[in-house]
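Notes to accompany the following structure.
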Amino acid sequence: MATIMDGKALAAEIDMRTANKIQRLADQGVTPGLVVILVGKDPASQIYVRNKERRAKKLGIHSIVRNLPETVSEKELIKIIQEYNEDSTVHAILVQLPLPEQINEFHVTMAISPTKDVDGFNPFNLGKLLINKTDQTPIACTPQGIMSFFKKYQIDLDGKRAVMVGRSTIVGKPMAALLTNANATVTIAHSHTHHLSELTREADILIVAIGVAHYIKAEDVKPGAVVIDVGMDRDSNGKLVGDVDFESVEKKVSYITPVPKGVGPMTITTLISQTVTMAEWSSEKNG
């Protein structure tokens, strides 16, 4: 049976280290500031934002949730972002996706200052990640959280065959860059990939973020592989499940993340940790 990679326990460990950093900043008179902008009333987004706010406040971060109506214009949203860009008490800005159709996500991403882009989606930060020049560079939180799993469980990526199923800017592309920077040999696959299971069966490291419940079955994985499930899906009974058929795959692989309590907790923890790190960078620059 596989070792189950406990995201909840690892998140608690990282939160403790983050709390120590927050205390050191407090001694310098600095409180990390995070702004989350939520447009409209998407139920899933509201839950994510509430969880982020709760974790931030628990650790002593100054957390602002800015709720905007579904009808807000792109121009108004960008004006608000620019105000926070210029606010020295704010170290990190996050605009919760998805956005209403009248707003272009790319324009919004571009509007966030690269130094406050806690999600790591600004093309400037993505470019630095791609060329492996990541000093004082925010990196997408879910891929960063996954790298924390590899570190915690001492999984060596050097020379390993890694397959990333999913090509989003949120997970797939930054994850592929991080794996490449760690000297893995990386293939990005997606819903248009022909003979997908032939690729996944060759993977020493398999990361799945395709958004289809139980898409990856036992016959799609290599014996002894490390499997990271980024999926957050609902089965026919409304139960939260992943993109990997956990029960069958667990018997065949060496490590696997569960859903829930796997990648999910690590994403929020990494967001909070990165906010504090960005406050440290700002403090160093201004100190």
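Nothing fancy with the numbering, it's 1 onward along the sequence.
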Taking atom CZ of Phe124 as the centre, does the number of heavy atoms from other residues, nucleotides or ligands within less than 6.0 Å exceed 12? no
Spell out, as yes or no, whether a donor-acceptor pair under 3.5 Å connects the side chain of Ser254 to the backbone of Gly224. yes
Might you point out which heavy atoms bring Leu271 and Cys141 nearest each other, and give the distance in Å? CA-SG, 3.6 Å
Using the side-chain contact (heavy atoms from CB on, under 4.5 Å) rule, take Ser282 and Thr115 through it: C-alpha gap first, then chi angles, then the decisive distance, then the call. CA-CA 8 Å; Ser282 175; Thr115 60; over 6 Å; no
Is there a side-chain contact between Val244 and Val227, using heavy atoms and a 4.5 Å cut-off? yes
Check: Asp6 side chain, Lys8 main-chain N or O, donor-acceptor pair, under 3.5 Å: yes
For a 4.5 angstrom cut-off between non-hydrogen side-chain atoms, does Val90 reach Asn85? no
Val230 and side-chain contact (heavy atoms from CB on, under 4.5 Å): which partner among Ile207, Ile170, Val208? Ile207
For the backbone of Val221 and the side chain of Lys252, can you confirm whether one donor and one acceptor N or O come within less than 3.5 Å of each other? yes
Could you tell me whether a side-chain N or O of Lys251 sits under 3.5 Å from a main-chain N or O of Glu247, the two making a donor and an acceptor? yes
If you take all heavy atoms of Val253 and Ala225, which pair is closest and at what distance? CB-O, 3.1 Å
Using the rule that two of Ile, Leu, Val, Met, Phe, Trp, Tyr join whenever any of their side-chain heavy atoms come within less than 4.5 Å, decide whether Leu99 and Ile78 are in one cluster. no
Leu196 and His190, any side-chain heavy atoms less than 4.5 Å apart: no
Would you mind reporting whether Gln274 and Met278 have side-chain heavy atoms less than 4.5 Å apart? yes
Donor-acceptor pair between Lys128 and Thr137 side chains, under 3.5 angstrom: yes
Report yes if the side chains of Val108 and Asn104 come closer than 4.5 Å at any heavy-atom pair, otherwise no. no
Tell me the closest heavy-atom pair linking Ser45 and Pro98, and the distance in Å. OG-CD, 3.9 Å
Exam field: side chain Asn125 to backbone Gly120, donor-acceptor pair closer than 3.5 Å: no
Rounded to the nearest 0.5 Å, what separates atom CG in Asn181 from atom CG in Leu157? 11.0 Å
Candidate pair Phe106 and Thr169, rule side-chain contact (heavy atoms from CB on, under 4.5 Å), full reasoning: CA-CA 11 Å; Phe106 179 70; Thr169 307; over 6 Å; no
For the side chain of Asp243 and the backbone of Val212, is there at least one donor-acceptor N/O pair under 3.5 Å apart? yes
Under the criterion side chain to side chain donor-acceptor pair (under 3.5 Å), I'd like the reasoning laid out for Gln96 against Lys52: C-alpha separation, chi angles, the key distance, then a yes or no. CA-CA 11 Å; Gln96 183 67 42; Lys52 289 166 186 170; 2.7 Å; yes
Quick one: does any side-chain atom of Lys116 pair with a main-chain N or O of Tyr84 as donor and acceptor, under 3.5 Å? yes
Under the side-chain contact (heavy atoms from CB on, under 4.5 Å) rule, what do Lys239 and Arg234 come out as? Steps first, then yes or no, please. CA-CA 5 Å; Lys239 182 186 173 188; Arg234 298 279 174 185; 5.9 Å; no
How long is the gap from CE on Met5 to CD1 on Ile155, to the nearest 0.5 Å? 3.5 Å
Between Asp204 and Arg161 (side chain of the first, backbone of the second, donor and acceptor by atom type, cut-off under 3.5 Å), is there such a pair? yes
Euclidean distance, Arg66 CZ relative to Ile93 CD1, rounded to 0.5 Å: 11.5 Å
Any donor-acceptor N or O pair under 3.5 Å, side chains Gln28, Ser283: yes
If you count the non-hydrogen atoms of other residues, nucleotides and ligands that lie under 6.0 Å from CE in Met1, is the total more than 12? yes
Can you check whether Pro123 reaches Pro114 side chain to side chain, under 4.5 Å on heavy atoms? no
Euclidean distance, Arg17 CZ relative to Ile22 CD1, rounded to 0.5 Å: 13.0 Å
May I ask you to test the Lys75-His107 pair for a side-chain heavy-atom distance under 4.5 Å? no
Side chain of Thr200, backbone of Asp220: donor and acceptor closer than 3.5 Å? yes
If you look at every heavy atom in Val249 and Ala218, which pair is closest and at what distance? CG2-N, 3.7 Å
For the pair Asn122 and Leu126, evaluate side-chain contact (heavy atoms from CB on, under 4.5 Å) and give the outcome as yes or no after the intermediate values. CA-CA 6 Å; Asn122 185 291; Leu126 283 168; over 6 Å; no
Inter-residue atom distance Glu105.CD - Thr109.OG1, 0.5 Å rounding: 6.5 Å
Same cluster (ILVMFWY, side-chain, under 4.5 Å), Phe149 and Ile272: no
For Asp27 and Gln23, test the side chains for any donor-to-acceptor distance below 3.5 angstrom and give the result as yes or no. yes
Considering all heavy atoms, the nearest Ile61-Pro32 contact: CG2-O, 3.4 Å
Hydrophobic clusters here meaning ILVMFWY residues chained together by side-chain heavy-atom distances under 4.5 Å, can you tell me if Val226 and Tyr215 are in one? no
Decide yes or no for Met164 and Val171: does some side-chain heavy atom of the first lie under 4.5 Å from some side-chain heavy atom of the second? yes
Heavy atoms of Pro265 and Ala11 approach each other most closely as O-CB, 4.0 Å
Do Val186 and Ile228 belong together in a cluster built from hydrophobic side chains that touch within less than 4.5 Å? yes
When hydrophobic residues are tied together by side-chain contacts of less than 4.5 Å, even through go-betweens, does Ile139 share a cluster with Leu34? no
Quick one: do Lys152 and Glu13 make a salt bridge, cutoff under 4.0 Å? yes
Show your working on side chain to side chain donor-acceptor pair (under 3.5 Å) between Ser73 and Gln102 and close with a plain yes or no. CA-CA 7 Å; Ser73 70; Gln102 77 272 16; over 6 Å; no
Taking Arg55 first and then Asp15, would you say they form a salt bridge - that is, a charged N and a carboxylate O separated by under 4.0 Å? yes
So, taking the atom named OG in Ser197 and the one named NZ in Lys217, what distance separates them when rounded to the nearest 0.5 Å? 11.5 Å
Phe121 backbone acceptor or donor facing Asp119 side chain under 3.5 Å: no
